[in-house]
Each structure stands twice: as C-alpha cells, then as structure tokens.
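Numbers restart at 1 for each chain; the letters A, B, ... are given by sequence-line order, proteins then strands.
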2 protein chains.
Amino acid sequence: MKIGELARQSGLTAHTIRYYERIGLLPRADRDHARRRDYDASILTWIEFLGRLKATGMPIRDMLRYAELRAGGAATEPERRRLLERHREAVRARVATLQDCLLVLDGKIAGYAGSSERTNDDDAINPRPIHDDERHAVQRQQRSGSPVARPARAR
Amino acid sequence: MKIGELARQSGLTAHTIRYYERIGLLPRADRDHARRRDYDASILTWIEFLGRLKATGMPIRDMLRYAELRAGGAATEPERRRLLERHREAVRARVATLQDCLLVLDGKIAGYAGSSERTNDDDAINPRPIHDDERHAVQRQQRSGSPVARPARAR
DNA sequence: GCTTGACTTAGAGCGCGCTCGAACCCTTAG
DNA sequence: CTAAGGGTTCGAGCGCGCTCTAAGTCAAGC
C-alpha cells in the first residue's frame with residue numbers, strides 16, 4: 001500500500017504520515033525499489049489506536065513514549081499498562097469536568113428561556129475550580145520531570 | 001480590586017487577564033487615578049463562565065462572539081442562546097467520543113492482564129471513525145465561513 | 001519520447017493561546 | 001530619600017501539532 005492509499009484509509013494526510021514517521025510515532029516504512037514507502041495493512045491498526053490516544057488528548061510526547069515501549073518488546077508491558085491506566089484516569093476526569101460544564105450550560109441556556117423571558121445574565125451556577133484547561137490537563141497529570149523547570153506558579 | 005488580586009481569585013495570571021482585555025474577552029477595566037486597572041468583583045462571574053467555555057474546548061474566537069453579543073444587549077439573547085446550544089451539542093458529542101475511547105482503553109489495558117499474561121498487541125476493539133481530533137471538533141462544527149477558504153480536503 | 005502525477009527529502013510557516021521581557025510609572029514603608 | 005513592589009504598554013517568543021513549499025525522482029500511459 002502506498003502512502004496515498006494509506007492516507008485515504010487512515011484519514012491522515014500523507015504529510016502527516018511522513019511527519020509521524022519522522023518523529024517516531026510510526027515505524028520507518030519499508031520502501032519499494034524506487035524508495036517509496038510501501039505499507040502493510042497492519043499499520044492501520046496502530047494508526048487507529050494512535051487516533052484514540054490523540055482523540056483523548058494525549059500529547060504526542062506520551063504517544064511517543066508508548067511507541068518506544070512497544071518497540072522494546074514484551075518486557076515493557078507492565079509499564080505500557082501503567083501508562084494507559086494513568087491516561088485512562090485523566091480521560092475519566094475530563095469526562096467528569098465536561099459533564100459538570102454541561103450542567104452549567106444547561107442552566108445558562110434555560111436562562112435564555114423560550115424565546116426571551118429573563119434578562120438575567122452572568123448567573124454562575126454550580127461553581128467549581130475553573131481555568132484548568134483540559135487541553136493541558138493530561139500533560140499536567142502525566143508529566144513528571146519537565147526539562148526546564150517551570151516556576152511552579154501558585155495558581 | 002487590582003489585577004494581582006483578580007489573578008489570585010480567578011486563577012488566571014495577570015498577563016492573561018491583560019491579554020483577554022486586549023482581545024476583547026474582558027471589558028476594558030476601569031482605571032484608578034494612576035491608570036491602573038481596578039476591578040469590581042462581578043467580573044469574576046464572567047471569568048468563571050469563560051472558564052467553562054474554555055474547559056469545554058470553545059475556541060477564543062467563539063467566546064469573543066459571545067462576548068460581543070452580550071455587549072449588544074438583550075436583543076442578542078436568542079443568538080447567544082443558539083450559540084450555547086450549538087456548543088452544548090459539540091460538548092455532548094465529545095463526551096460520547098471520549099466514552100467510546102474509554103472502552104477501547106479498557107480493552108487494551110485488560111489485554112495487558114494481571115502482571116503479564118498475553119503478548120497480544122495491536123488489537124483494535126470497537127472500531128469507529130478516528131482522527132477527528134477533539135481539539136478542533138468544536139470549531140469545525142461551529143465555524144461557518146472561514147476568512148481564507150481552506151481547500152476543503154477530501155480526508 | 002513526453003506528460004502526468006504520485007512520490008521523495010529538508011525545512012519553513014502557521015494558528016492557537018498564551019507567556020514573557022523590556023522599559024517605564026506610581027505608591028507606600030522605613 | 002530610597003527602595004521595594006506592584007502596576008503599565010508594546011511587542012516578541014514559545015510549544016504544540018501539524019501543513020505546506022520547493023526541488024527533485026520515478027513509473028506508467030499515450
């Protein structure tokens with residue numbers, strides 16, 4: 001299978017596939033006699049799993065870690081498991097946050113009743129810690145040692 | 001309330017608060033005699049709501065739209081409502097996706113049984129459309145006309 | 001033989017949402 | 001009077017995850 005075909009089947013662009021190979025998320029592809037990438041269909045399974053990790057907000061560096069462990073063979077399975085378990089917890093937490101926010105949205109929408117009854121705005125329902133951007137929530141939970149230590153802001 | 005105090009109470013940094021004001025997410029703050037921002041506690045309610053929108057993945061440009069509508073008075077309420085309703089749907093869809101992915105994770109983790117029983121890898125459970133990165137899912141649903149038309153790639 | 005078009009590489013550029021630095025201003029405590 | 005410590009503006013820089021350009025190679029169809 002050529003890269004174009006894989007792109008079609010995976011939903012990634014050829015550019016992205018090459019990028020993933022470059023950074024190590026995908027194994028270096030076999031080449032045909034003309035040095036073009038020639039894929040086995042089995043790669044789709046891996047790409048699909050990567051898609052799940054991405055869809056759940058795992059940063060590339062963590063997917064990379066998982067990919068490396070995978071390449072390291074069966075001995076790394078316990079660690080891979082731990083990695084996924086930690087990630088699962090992060091995702092669960094995120095789902096909880098989203099559901100919490102949905103309640104707020106519901107309340108707010110109800111405030112804009114029927115076609116317009118109340119003028120009330122700004123009502124905060126269900127207060128809870130905010131500004132914990134979910135895009136980074138996973139990282140924060142999973143990253144242990146950052147390369148350049150961040151100032152550990154109070155927040 | 002000075003910006004530092006607001007930062008402490010809201011969980012944002014002073015830098016971010018100024019940035020939000022600059023782009024229009026926060027109304028221009030009143031200044032004291034020394035031209036320093038002086039906030040009323042009521043701003044916290046708005047920041048908290050913005051936090052909810054952010055936590056649910058709404059891009060800043062949409063929050064901005066909402067903020068503009070809000071400034072436009074009661075006449076804009078129906079549109080504000082529609083905006084929130086659309087967003088709510090996007091969030092619900094995201095929750096569904098995450099839950100779907102959680103099932104896959106559960107299966108994968110179960111595959112790395114007890115402390116190590118199977119060597120099985122790569123098992124794709126519960127296949128479904130992937131590579132629909134949630135970070136952008138909301139935008140795609142909500143954006144109507146993009147400034148520079150994107151090539152509308154097949155994907 | 002020539003065109004078409006999918007492929008190759010290296011590397012630059014982009015959109016997002018901050019985040020920070022520089023240089024300066026003002027107030028307050030000692 | 002001085003120094004600390006918060007505030008101000010403007011604009012540059014960053015981390016992420018792509019996304020695209022340029023210049024070239026190769027193979028198949030007419």
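- Note: CZ (A:R22) to P (D:dG17) measures 14 Å, nearest angstrom.
- Taking the charged nitrogens against the carboxylate oxygens, B:R86 and B:E89 have no contact shorter than 4.0 Å, which rules out a salt bridge.
- For B:K54, the listed nucleotide lying nearest its side chain is C:dC18; candidates were C:dC18, D:dT8, C:dT8.
- Under a cutoff of 6.0 Å and an axis angle of 45°, A:K108 and B:F49 form a cation-pi pair.
- Between the side chain of B:T56 and the backbone N or O of B:R52, at least one donor-acceptor pair lies under 3.5 Å.
- To the nearest angstrom, P of D:dA27 lies 9 Å from NZ of A:K2.
- Here CG of B:D106 is found 11.0 Å from SG of B:C101. Values are rounded to the nearest 0.5 Å.
- B:I60 has its CD1 atom 10 Å from the P atom of C:dT19, to the nearest Å.
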Could you list the protein-to-nucleotides 22-24 of chain D atom pairs, N/O on both sides, closer than 3.5 Å?
none

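- Across the protein-nucleic acid pair, A:M63 atom CE and D:dG17 atom P stand 7 Å apart, rounded to whole Å.
- Only A:R31, A:R35, A:R36, A:R37, listed by number, bring a heavy atom of residues 25-38 of chain A to less than 4.0 angstrom from any atom of DNA chain C.
- Side chains of A:Y66 and A:R80: a donor-acceptor N/O pair is absent below 3.5 angstrom, by distance only.
- One can place CG of A:L64 at 12 Å from P of D:dC18, the figure rounded to the nearest angstrom.
- Look at CD on A:E5: it is 14 Å from C1' on C:dC7, rounded to the nearest Å.
- Side-chain N/O atoms of A:Y19 include none lying less than 4.0 angstrom from OP1 or OP2 on D:dC20.
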Inset, instruction - Evaluate the criterion side chain to side chain contact (heavy atoms under 4.5 Å, CB included) for residue pair B:T76 and B:R70; output intermediate values, then yes/no. - result: CA-CA 7 Å; B:T76 67; B:R70 210 170 85 104; 6.0 Å; no

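- We find that CD of B:E21 is positioned 11 Å from C1' of D:dT8, with the value rounded to whole Å.
- At whole-Å resolution of the value, CZ in A:R18 and P in D:dT21 are 13 Å apart.
- Atom-to-atom distance recorded for B:R37:CZ and B:L26:CG is 10.0 Å, nearest 0.5 angstrom.
- Of the possible polar contacts, one joining the B:R31 side chain to the B:A29 backbone as a donor-acceptor pair under 3.5 Å is found.
- Judged by distance alone, the side chains of A:T16 and A:T13 do bring a donor and an acceptor atom under 3.5 Å apart.
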